[in-house]
Amino acid sequence: MTAMEVTRGVWRIADTCHVYLLFDPDAPAGRRDAVAIDFGSGLALEHLDDLGVRRITDVLMTHHHRDQGQGLPLAIEHGARIHVPPVERELFDRVEEMWERRPLDNDYNLRQDRFSLLSSVAVHATVPEYREMDAAGVRLRVVPTPGHTIGSVTYLLEREDETIAFSGDLIYAPGKVWSLAATQWSYTQNEGPGMTVLSARMLAREGVTRLAPSHGDVIDDAVAALEMLADTMQQYVDSRRSYPWDLLARLDDPYVALTPHLLMNRTSMSCSYVVLSETGEALMIDYGYDMTTGIVPGQERAARRPWLASLPALRRDHSVTRITVALPTHYHDDHIAGMPLLRDIEGTALWIPENVAPTMADPWREDLPCQWYDPIVADRVLPLDEPFTWNEYTFTAHAQPGHTLYAVAYALEIDGLTVVFTGDQQEGLGGKDGRRDIMNYQYRNLFRLGDYSRSAELYRRIGPGLMASGHWEPRWVDDEYLEYLAESGRFVDELHERLLPLDDLSIGPDGQVARVTPYRRRATVDEQLEYAVHVRNPLAGRAAARLTPVLPIGWRSSQPEIDLDLGPSEEASVLLTVTPSSAGSRQRLAIDVTIGDLRLGQHAEALLDVMEPGA
């Protein structure tokens, strides 16, 4: 039977997946508007008259797979608006980028993003996770349920004293999934099955009574079915690991108390810390990928899932009423990815230090790794080295270059203890098994000589009893450890001085003499674009610098050459206007750099996506 009634005003249409049509059951036949959950091949359009539905106003997608949405062009032609999971938007409205850029050779990415649409469709909006939305007079709550795909969501409907969960492909039948292959996101790992366990447990706690899956029959005892799935999938996960993975314990007990008012999230990709106030409020230090089961191959948005999975335990076990503020130690995605969601759902204010705020607000300005996809603008910009207060606590943000140029260390007195939050400055096991911490510098993060010596001096001035890092166990600090950090900073500098020709050229560890900002941007043909070219003289004496723009054929620049006179180590910035004359993605412009007798060639570049006007 193609069409089946699930409950009043809810019909299931059998197609390439089950498509659910929802409408107000009290609306008169022939005047009903409906919302579709998933769309299959579009067969639902043939049943509208039979169900007394005049039109489908909105289509809500549970995930991006082709069997769920291959008929979406028909939905748009019908006049329906398309709503998709936030993590997966680009796999709907920019899917050509996936097809063009996804690696095919020596590929360790096992996600089924290749089961995406063949061509892009227009997206009206992303669905509001953790919140309610109205469509065609139907109110639904959106819940993240990764597992079948990273970005999957479930829609909850309250009707006829029931809570029906339209769960996509999270579950097929009690204890079963539609596809195990879809849950394998990376080679030999268990991210998808682990997420399936967590999603099933969390969905069961939403009070659902029935499950309406994309494949399989409607399930009446929802909680029992989800718990059976979680139990069975847990066995699957453990069968593919060298030791059991207690995912339920992670869900129920994600926080470790370092002091009575300082918690560490042990389930996040980078360590998030929570400062508890006597007011019942909480402050977060870093908040990236909460309750993670691993990071999968690929850097596209559909490979990254921020969510708020640990927050129920924070409220239940630590009496937190509200998360009022979040502070980043630096701009890397594993430390900030969840902050926009915190702001949207919790009303959390983002207080960002002045040396980190510009990069978070404009992630395309510089060529830096590990940046989030969207601008994150500060609600408050924090001056460096100036104390600021939050409830009964006083913090200070200190510049802490090293791991990245744009990073801070926060100093705080809490429970009679001086704590410094260091982000990713050092990595290690806190001295376990005789191993020592190592300096976690990455050259593309703009590491400079002297950075680690300066941070060691900073720690000595602060005198912390505890150093809380971004990925490793907190370190209880004594004078011996502070001296070790100072020695390590000196050793890092000495080693680079031995390896690099710094006596001849002070180019520095990051290898950059010139940069172009913004590094990435979008524009239209014939739009005038202003760039800044930054250059530094690496020679021991004064030298003439010549900067020559190198542009695609037909493009124009305001200056064919730029000549400067620079003293030793002197830096300068000059403005350049570029006008593109041809459309294309990731087109390159470069700056050819000569300083004195040093010819560096096309040393700095920038990337530009150019569209035709009106495109």
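Only this structure's heavy atoms are used, side chains among them; waters, hydrogens and symmetry mates stay out. In this text the structure is predicted, and so the values were computed from the model without any measurement.
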_Can you tell whether the side chains of Arg546 and Glu561 come within less than 4.0 Å, N to carboxylate O?_
yes
*Are any side-chain N or O atoms of Asp286 and backbone N or O atoms of Ser272, one a donor and one an acceptor, separated by less than 3.5 Å?*
no
*Over all heavy atoms of both residues, which pair between Ala543 and Asn537 is shortest? Give the atoms and the distance, please.*
N-ND2, 3.9 Å
*Checking side chain to side chain donor-acceptor pair (under 3.5 Å) for the pair Thr394/Glu413: CA distance, chi angles, key distance, verdict?*
CA-CA 7 Å; Thr394 299; Glu413 294 286 335; over 6 Å; no
*Using modelled atom types only, decide if a donor and an acceptor are shared between the side chain of Thr524 and the backbone of Glu527 within a distance under 3.5 Å.*
no
*Look up atom OH in Tyr406 and atom CG in Leu446, then write down how far apart they are to the nearest 0.5 Å.*
5.5 Å
*Could you label the plane-to-plane angle of the His332 and His330 rings as parallel, tilted or perpendicular, counting under 30° as parallel and over 60° as perpendicular?*
perpendicular
*side-chain contact (heavy atoms from CB on, under 4.5 Å) partner of Gln426, chosen from Met467, Arg475, His471*: Met467
*asked:* With salt bridge (Lys or Arg N to Asp or Glu O under 4.0 Å) as the rule and sequence neighbours excluded, what pairs involving residues 377-392 come up?
replied: Arg343-Asp379
*Output yes when Arg454 and Glu457 qualify as a salt bridge under the 4.0 Å nitrogen-oxygen rule, no when they do not.*
no
*Can Glu129 and Arg305 be counted as an ion pair, charged N to O under 4.0 angstrom?*
yes
*Under 4.0 Å between a Lys/Arg side-chain N and an Asp/Glu carboxylate O for Glu483 and Arg460?*
yes
_For the student: nearest non-hydrogen atoms of Thr259 and Asp415, plus distance_ = OG1-OD2, 2.5 Å
*Are His496 and Tyr443 near enough that their ring centres are under 6.0 Å apart?*
yes
*If we ignore angles and hydrogens, is there a donor and acceptor under 3.5 Å between the side chains of Glu427 and Ser469?*
no
*Report yes or no: does Asp451 contribute a side-chain atom to a donor-acceptor pair with the main-chain N or O of Arg448 at less than 3.5 Å?*
yes
*asked:* Quick check for you: to the nearest 0.5 Å, what is the distance between Thr348 atom OG1 and Leu308 atom CG?
replied: 9.0 Å
*Below 4.0 angstrom, N of the basic side chain to O of the carboxylate: do Glu494 and Arg498 qualify?*
yes
*Under the 3.5 angstrom rule, does the side chain of Gln425 hit a backbone N or O of Val408 as a donor-acceptor pair?*
no
*Taking atom types as modelled and ignoring hydrogens, do the side chains of Asn391 and Thr279 form a donor-acceptor contact shorter than 3.5 angstrom?*
yes
*What distance do Thr396 atom OG1 and Leu384 atom CG have between them, rounded to the nearest 0.5 Å?*
10.5 Å
*Close side-chain approach of Thr126 and Pro85, heavy atoms under 4.5 Å*: no
*Would you sort out whether Tyr519 and Glu605 count as a side chain to side chain donor-acceptor pair (under 3.5 Å), showing the intermediate values?*
CA-CA 7 Å; Tyr519 184 76; Glu605 84 286 343; 2.3 Å; yes
*asked:* Show, in sequence, the C-alpha distance, side-chain angles and deciding distance for Arg490 and Tyr452, and conclude whether the side chain to side chain contact (heavy atoms under 4.5 Å, CB included) test is met.
replied: CA-CA 8 Å; Arg490 290 190 290 269; Tyr452 280 92; over 6 Å; no
_Phe421/Tyr410 aromatic ring centres below 6.0 Å_ = no
*Using a distance-only test with no angle check, is there a side-chain donor-acceptor pair under 3.5 angstrom linking Asp609 and Ser585?*
no
*Please test Asp565 against Arg542 for side chain to side chain contact (heavy atoms under 4.5 Å, CB included), starting from the C-alpha separation and ending with a verdict.*
CA-CA 7 Å; Asp565 184 64; Arg542 179 170 291 277; 2.6 Å; yes
*Report yes or no: do Tyr459 and Gln400 form a side-chain donor-acceptor pair below 3.5 Å?*
yes
*Starting at CD1 of Ile562, measure out to CG of Leu564 and round the result to the nearest 0.5 Å.*
7.0 Å
*Shortest non-hydrogen contact from Val593 to Ala514?*
CG2-CB, 3.9 Å
_Between the side chains of Glu88 and Arg94, is the shortest nitrogen-to-carboxylate-oxygen separation below 4.0 Å, so that they form an ion pair?_
no
*For residues Gln512 and His603, is any side-chain donor paired with an opposing acceptor at under 3.5 Å?*
no
*Do side-chain atoms of Ser268 reach the backbone of Asn265 as a donor and acceptor pair under 3.5 angstrom?*
yes
*asked:* Please determine whether side chain to side chain contact (heavy atoms under 4.5 Å, CB included) holds for the pair Glu366 and His534, giving the CA-CA distance in whole Å, both sets of side-chain angles, and the decisive distance to 0.1 Å.
replied: CA-CA 11 Å; Glu366 296 189 71; His534 313 275; over 6 Å; no
*Polar side-chain atom of Asp493 near backbone of Gly450 as donor-acceptor pair, under 3.5 Å*: yes
*Is there side-chain contact between Val275 and Ile414, with at least one heavy-atom pair below 4.5 Å?*
yes
_Pairing of Glu90 and Arg301 as salt bridge, 4.0 angstrom limit_ = yes
*asked:* Quick check against the 3.5 Å criterion: does Arg304 have a side-chain atom that pairs as donor or acceptor with the backbone of Val87?
replied: no
_Glu571 side-chain N/O to Val535 backbone N/O, donor-acceptor pair under 3.5 Å_ = no
*Between Arg444 and Asp367, is there a salt bridge with N-O shorter than 4.0 Å?*
yes
*Taking NZ, NE, NH1 and NH2 as the nitrogens, is one of them in Arg322 or Glu346 under 4.0 Å from a carboxylate oxygen of the other?*
no
*Quick one: are Thr359 and Leu368 in side-chain contact, heavy atoms under 4.5 Å?*
yes
*Using the side-chain contact (heavy atoms from CB on, under 4.5 Å) rule, pick out the option among Pro328, Ser270, Cys370 that qualifies with Ile336.*
Pro328
*asked:* Would you say that Glu497 contacts Leu449 through its side chain, given a criterion of any heavy-atom pair below 4.5 Å between the two side chains?
replied: yes
_Exercise: do Ser277 and Trp390 side chains pair donor with acceptor under 3.5 Å_ = no
*For the residue pair Tyr255 and His318, categorise the inter-ring angle as parallel (less than 30°), tilted (30 to 60°) or perpendicular (more than 60°).*
perpendicular
*When rounded to the nearest 0.5 angstrom, what is the spacing between CG in Asp592 and CG in Leu547?*
9.0 Å
_Separation of His403 NE2 from Thr422 OG1 (nearest 0.5 Å)_ = 10.5 Å
*Any donor and acceptor pair, going by atom type alone, linking the side chain of Asn109 with main-chain N or O of Arg111 inside 3.5 Å?*
yes
*asked:* Under a plain distance cut-off of 3.5 Å, with no hydrogens placed, do Tyr484 and Asp478 share a side-chain donor-acceptor pair?
replied: no
*Between the main-chain N or O of Asp424 and the side-chain N or O of Asn440, is there a donor-acceptor pair closer than 3.5 Å?*
yes
*Pairwise side-chain contact, Glu281 with Val320, heavy-atom cut-off 4.5 Å (strictly under)*: no
